[in-house]
Every structure is written in structure tokens, then in C-alpha cells.
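As C-alpha cells, the structure follows; a few thoughts come after it.
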Amino acid sequence: MILLFLFLALQFLIPARLVIGGLGAVGRPSVAVGILLAFLWLVSAIRHRQLPAGTQPIRWLIGFYLMVQLVGLAVGYDRGLPEAEATSAQRWTIYIVSMIGVTLAMAEGLKTRRQLDTVLRGLVGFAGFMAFVGTLQYFRVVDLTQYIRIPGLRTNSDLIGVAARGDGGFSRVAGTANHYIEFGVVLALVLPLAIHYAVFSPKGVRRVVSWVLVALIGSAIPFSISRAAIVTVAVTMLLMVTVWTWRTRYNAAVIIVVAMGAFHVVNRGLLGTIRSLFTNLDNDPSIQNRLGDTAYVWQLFDHRPWLGRGPGTFLPASYRLLDNQLYGTLIVGGVLGLLALLLLFLVPYLMGRSVRLRGSDQETRHLGQALAVVFPAALVASGTFDSFGFATFLSVVFIAVGAVGALWRVSGASPTRPMQAAQPGEKWVATPITAHLRDRIRTAIAATRERPGIRTAFEPMMPIAGTDRDREDVTRDGGPEEVDHVEVTDPEDSGTESSAPSRGRHALSGAGAP
């Protein structure tokens with residue numbers, strides 16, 4: 001757990017362009033920690049009973065993904081790589097092994113739910129720091145990244161700094177990330193986890209700090225002025241809303257409306273600039289360039305459709321910048337590589353959904369959904385920029401993959417476990433639509449029958465009569481006889497009569513006869 005915390009600290013607190021000299025982009029200190037975690041996991045796997053018992057789907061998923069990367073590397077070398085592409089492929093291999101080490105350490109190194117929550121809270125806290133740095137940059141208070149100097153590290157390229165975008169020249173910031181898009185997308189992916197831990201924090205200072213982090217992260221996302229960031233946060237929030245109760249949805253809608261109004265007052269014109277990113281798509285050169293890349297991608301894909309050119313070998317300096325991870329994966333990995341990428345998003349999503357449906361309590365189910373929404377949102381974002389070229393984005397994705405594996409294991413949310421209905425007093429997570437559906441229908445019918453005067457579609461069309469004491473059964477030629485009134489004697493007030501017009505039927509309390 002300590003090494004995982006160290007990994008997150010090095011990933012979020014140090015500007016992305018500070019690296020170990022001579023290693024290029026893969027020389028970030030966090031990558032070295034990931035390599036150490038991969039080594040420690042391998043040692044634990046070799047030793048007897050050092051890994052948790054039972055099935056762990058994440059282990060097989062990560063093994064398949066690594067196998068595909070190594071096969072692609074061999075294919076790349078087999079076709080004869082130029083020196084620049086060979087060096088890039090080697091760096092990619094180091095990079096991906098590091099991320100795999102982080103995932104396996106999360107999935108199988110965390111023994112308890114408390115340890116998992118501690119690491120994920122750390123992720124939210126470090127993301128909040130990055131949002132704070134970006135907020136200071138946006139309001140031109142100070143750029144902290146210019147003052148972070150660590151012995152042994154040097155800048156791989158110029159720090160990205162603050163840019164301007166839109167007619168109003170609004171500041172566009174990246175915090176400690178490598179790019180503005182990465183900054184916004186990463187915060188959008190972490191936001192559901194921030195909301196989860198704010199909702200379920202104990203009252204007091206911890207809850208206040210948790211909600212401050214939610215406000216920091218949520219308000220800093222627009223400062224990236226990025227379509228990808230807005231689309232990502234829209235996907236995460238829409239998927240979170242699906243599991244909330246109606247009351248929670250209403251409260252969230254009110255908060256969002258108020259927050260957007262306050263944001264507009266403080267940052268006049270910024271929301272309009274972001275809206276123009278979507279309304280002026282036909283005139284946006286970046287969109288046109290992305291659409292124009294399609295023919296180029298299919299041309300390269302036709303040369304090596306199944307295994308691709310080799311991971312890490314498609315260099316923007318030698319070819320072109322695609323700004324689309326799915327296109328890039330199709331070129332370097334072929335059909336097999338794209339399949340591995342899609343499974344990397346799909347399997348953890350299904351496991352997180354399994355926890356959401358079968359978790360033993362609402363906090364577990366809510367965390368399962370908060371982790372699950374990371375993957376469809378990350379997949380959508382990957383279609384808008386070359387996401388796997390950015391270490392912070394990739395770190396969040398692989399941390400989430402490992403967290404899903406750990407939560408799935410400690411919660412025992414296997415597919416054989418029945419879906420869990422919301423218990424009385426649980427106000428955050430609604431009952432799954434199909435959970436105990438047959439029993440819920442039977443309970444509803446039984447409850448309805450117990451209420452007088454109510455008929456359901458499941459009941460036969462027959463009158464509901466009262467008790468023997470207040471029912472007068474009069475028949476004439478096989479049918480009911482019309483009476484003017486019915487006398488009812490109250491056992492506690494003998495001698496008292498009550499009468500009511502019957503309109504041709506018995507006017508009895510509880511009677512529902514047609």
C-alpha cells in the first residue's frame with residue numbers, strides 16, 4: 001500500500017515533463033515504482049500461497065493484454081524497425097509493464113476493503129491537488145509547476161504552462177498533467193470517486209474536506225477548455241445517475257444548476273466558449289483533421305490487419321498525429337490489439353457492475369458503480385485523443401482496473417450471488433430493476449390485496465365482500481336484490497343503526513363490488 005501511495009504521489013505531484021535524464025517520457029519516477037511493483041508481484045506469484053486464493057479475472061485480463069503487447073513487439077522487430085521506432089517500442093514495453101505492476105498490486109496486493117479505500121482516497125486527494133494547481137494557473141495567481149525542482153530530474157521538454165483559447169483569450173491550464181486534454185479528462189474520471197467518498201464520509205472534518213475536493217475537481221474540469229473533458233464528465237455523471245434514487249437525482253440536478261450559475265458569474269464567457277466547441281464543429285480544424293485521418297488509417301491497417309506494426313512504433317514525428325487512441329491501436333496492434341484494448345475496458349466495467357448489483361451494502365454497491373463508470377468514459381475519451389500516450393491518464397485507468405479487481409474479491413460479488421435490493425434507510429443506491437423481481441411482484445400483489453377497495457390486474461373480477469356481520473346477501477332470480485339501506489350493529493354501541501344509500505349496490509365499508 002505504501003508503494004501504491006508513492007506511485008500516486010510521484011504521478012500527480014511532480015509535473016509530467018520532469019523525468020529521469022536519458023529515459024525520455026518513460027523516465028517519470030512513478031514508472032520506476034511501477035516496475036518495482038511488477039517485480040514484487042512476480043516474486044509473490046512464484047512463492048507458495050503469497051497471492052490471494054480464488055479466481056481473479058483481472059489477472060487473466062492483464063496477462064492477455066501483456067501477451068498481445070509482447071507478440072506485437074516481436075512482429076514489429078520481425079519487419080525490421082528503424083532505430084527511432086525500436087527505441088520507442090522498448091520504452092512502450094517498459095511503460096506498460098510498469099502499469100501492469102500497479103494494477104496487479106492493487107488487485108492482489110490489497111488485502112482488505114480498508115486498504116482499498118485508503119488508496120482510492122489518496123487518488124482523489126492527489127487529483128484534488130492537481131486541480132488546485134490548475135485553478136491557480138487559471139486565475140493567474142501562480143504557476144506552481146515552475147517552482148518544482150527535484151534533484152536528479154530534468155525537463156524532457158518545455159513545461160506546458162498556461163495557454164489561451166477562445167475569442168475571450170481564456171486561460172487553458174494543465175496543472176501537473178502533460179496536456180490540457182489530459183488534465184480535464186483525468187479529473188472527469190476521478191470525479192465519481194470523489195463524490196462517492198464525500199457521500200460516505202463520516203460527519204466532521206473528513207466530510208468537509210471530501211466535499212471541498214469534489215468542488216475543486218468538478219470546477220477545474222472546464223479550465224481545460226476541452227471537448228474531451230466535457231464529454232468524459234457527461235458520460236461519468238450520466239452513468240452514476242442511473243443507480244441513484246429519484247430523490248438523489250433531484251438533489252444533484254439542483255446542485256448542478258446552482259453550481260453552473262455561480263460558475264458563470266465568476267467566469268463570464270467561459271461556458272459560452274466551451275459551448276462553441278460543440279456548436280462550431282464544422283469550422284473546427286481539429287475535427288476536420290480527425291475525420292481526414294480515416295482514409296490514412298485504413299490504408300496502413302490494410303498492410304497489417306491482424307497484428308499491426310508493433311506497439312509504440314507509430315511516431316507522430318515520422319507519420320502524423322492521429323489524436324485517436326482507437327485508430328492508433330488499430331495501426332500498431334491490428335485487430336488483436338484493438339480487441340485487447342476493448343477487453344481492458346469491458347471486463348472491469350462488467351466486474352464493477354457486478355459489485356453494484358450484488359454488493360452486500362449500499363456503500364459497496366455505490367463504489368462498484370463509481371469504478372465501473374471510469375471505463376466507458378475512458379473509452380469514449382480515447383476516441384478523442386491519443387490517450388495511452390499520457391502517463392497520468394493511463395495510471396488512472398490501470399489503478400481503476402486493479403481497484404475493481406480488489407473490490408470484486410473482497411466483496412465476494414461473484415455472478416452466482418443474487419442481486420441485492422435496497423434496504424430500508426438506504427437513500428443513495430436504488431434497487432436494481434431485476435433484483436428479486438418475482439418476489440417483489442408477489443409482495444406488491446399481497447400488499448394490494450390487504451388494502452380494501454383496491455383491485456390489481458392480477459386479481460379475478462369479483463366483488464370484495466365485507467364480514468359476515470355487515471354483509472346482507474339478498475338474491476332475486478339468481479341476482480342481487482336492490483335494497484335501500486343496510487343496518488349495521490356496532491358491538492360497542494348496541495342499538496345504533498347507520499344507513500347509507502347504496503345506488504343499487506351494498507354500500508359497505510371496504511366493498512368494491514362492480
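Under the 30°/60° scheme for interplanar angles, the aromatic rings of F12 and F126 are found to lie parallel. Note: H366 and H196 have parallel aromatic rings, judged against thresholds of 30 and 60 degrees for the angle between ring planes.
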(Q) Does F139 form a side-chain contact (heavy atoms from CB on, under 4.5 Å) with F223? I'd like the steps, not just the answer. (A) CA-CA 10 Å; F139 289 106; F223 296 156; 4.0 Å; yes

Q: In sequence, state the C-alpha distance, the side-chain angles, and the governing distance for L8 and V119, and then conclude on side-chain contact (heavy atoms from CB on, under 4.5 Å).
A: CA-CA 9 Å; L8 290 172; V119 174; 4.2 Å; yes

Q.
Using side-chain contact (heavy atoms from CB on, under 4.5 Å), reason through T273 and R172 one step at a time and then give a plain yes or no.
A. CA-CA 11 Å; T273 299; R172 192 184 192 195; over 6 Å; no

Q) Stepwise, does the side-chain contact (heavy atoms from CB on, under 4.5 Å) test hold for L407 with L371? A) CA-CA 10 Å; L407 182 63; L371 287 169; 4.0 Å; yes

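Between E426 and the choices Q362, Q420, R365, the side-chain hydrogen bond (donor to acceptor under 3.5 Å, both in side chains) rule is met once, by R365. Residue P29 forms a side chain to side chain contact (heavy atoms under 4.5 Å, CB included) with just one option from L6, L10, I150, and that option is L10.
No side-chain heavy atom of T176 sits under 4.5 Å from any side-chain heavy atom of I14. With a 4.5 Å cut-off on side-chain heavy atoms, R409 and I58 do not count as touching. By the 4.5 Å heavy-atom criterion applied to side chains, Q137 and S171 are not counted as neighbours. For the pair P348 and L61, the minimum side-chain heavy-atom distance is below 4.5 Å. Side-chain atoms of V347 and F375, non-hydrogen and from C-beta on, never get closer than 4.5 Å to each other. Counting only heavy atoms from C-beta outward, the side chains of V97 and Q69 never approach each other to under 4.5 Å. A 4.5 Å side-chain heavy-atom check between I230 and F278 finds at least one atom pair inside the cut-off. With contacts defined as side-chain heavy-atom distances shorter than 4.5 Å, the pair L4/V102 qualifies.
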Would you be so kind as to tabulate the donor-acceptor pairs closer than 3.5 Å made by side chains of residues 180-190, with sequence neighbours excluded?
| from | atom 1 | to | atom 2 | distance (Å) |
| --- | --- | --- | --- | --- |
| E182 | OE1 | N178 | N | 2.8 |
| E182 | OE2 | T392 | N | 2.9 |
| E182 | OE2 | F393 | N | 3.1 |

Could you go through residues 256-272 and list every donor-acceptor pair under 3.5 Å that involves a side-chain atom there, pairing it with any protein atom two or more places apart or in another chain?
| from | atom 1 | to | atom 2 | distance (Å) |
| --- | --- | --- | --- | --- |
| N267 | ND2 | F263 | O | 3.3 |

List, one per line, each side-chain donor-acceptor pair under 3.5 Å for residues 31-45, sequence neighbours excluded.
| from | atom 1 | to | atom 2 | distance (Å) |
| --- | --- | --- | --- | --- |
| W41 | NE1 | E108 | OE1 | 2.8 |
| S44 | OG | L40 | O | 3.0 |

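Note that CG of N324 and OG1 of T329 are 8.5 Å apart. Values are rounded to the nearest 0.5 Å. Taking CG from L70 and OH from Y65, the interatomic distance works out to 11.0 Å, rounded to the nearest 0.5 Å. Here the CD1-CG distance, from I160 to D143, works out to 10.5 Å after rounding to the nearest 0.5 Å. Atom OH of Y77 sits about 10.5 Å away from atom OG1 of T313, to the nearest 0.5 Å. Note that CE of M1 is 8.0 Å distant from OG1 of T112, once rounded to the nearest 0.5 Å. If you take CD on Q325 and CZ on F385, they are separated by 8.5 Å, rounding to the nearest 0.5 Å.
Y95 contributes a side-chain N or O that, together with a main-chain N or O of A391, makes up a donor-acceptor pair within less than 3.5 Å. The backbone N or O of P151 sits nowhere less than 3.5 Å from a side-chain atom of R154 that would complete a donor-acceptor pair. Proximity of a side-chain donor or acceptor of T87 to a complementary backbone N or O of E83 within less than 3.5 Å is detected. The main-chain N or O of A89 is found under 3.5 Å from a side-chain atom of T93 such that the two form a donor-acceptor pair. The closest donor-acceptor contact from the side chain of R249 to the backbone of V241 lies under 3.5 Å. Of the possible polar contacts, none joining the R17 side chain to the T155 backbone as a donor-acceptor pair under 3.5 Å is found.
When the shell of 6.0 Å around NZ of K427 is examined, it contains 12 or fewer heavy atoms from other residues, nucleotides or ligands. Within 6.0 Å of atom OH in Y319, more than 12 heavy atoms from other residues, nucleotides or ligands are found, so the atom counts as buried in its surroundings. Crowding of R114 atom CZ: a count of heavy atoms from other residues, nucleotides or ligands under 6.0 Å not exceeding 12. Atom CZ of R206 sits in a sparse spot, with 12 or fewer heavy atoms from other residues, nucleotides or ligands closer than 6.0 Å.
Applying the ring-ring contact (aromatic ring centres under 6.0 Å, His included) test to pairs two or more places apart or on separate chains, none has a residue in residues 344-365.
Applying the ring pair (Phe, Tyr, Trp, His ring centres under 6.0 Å) criterion to F132, with sequence neighbours excluded, gives no partner residue. Residues forming a salt bridge (charged side-chain N to carboxylate O under 4.0 Å, His left out) with D386 (at least two apart in sequence, or on another chain): none.
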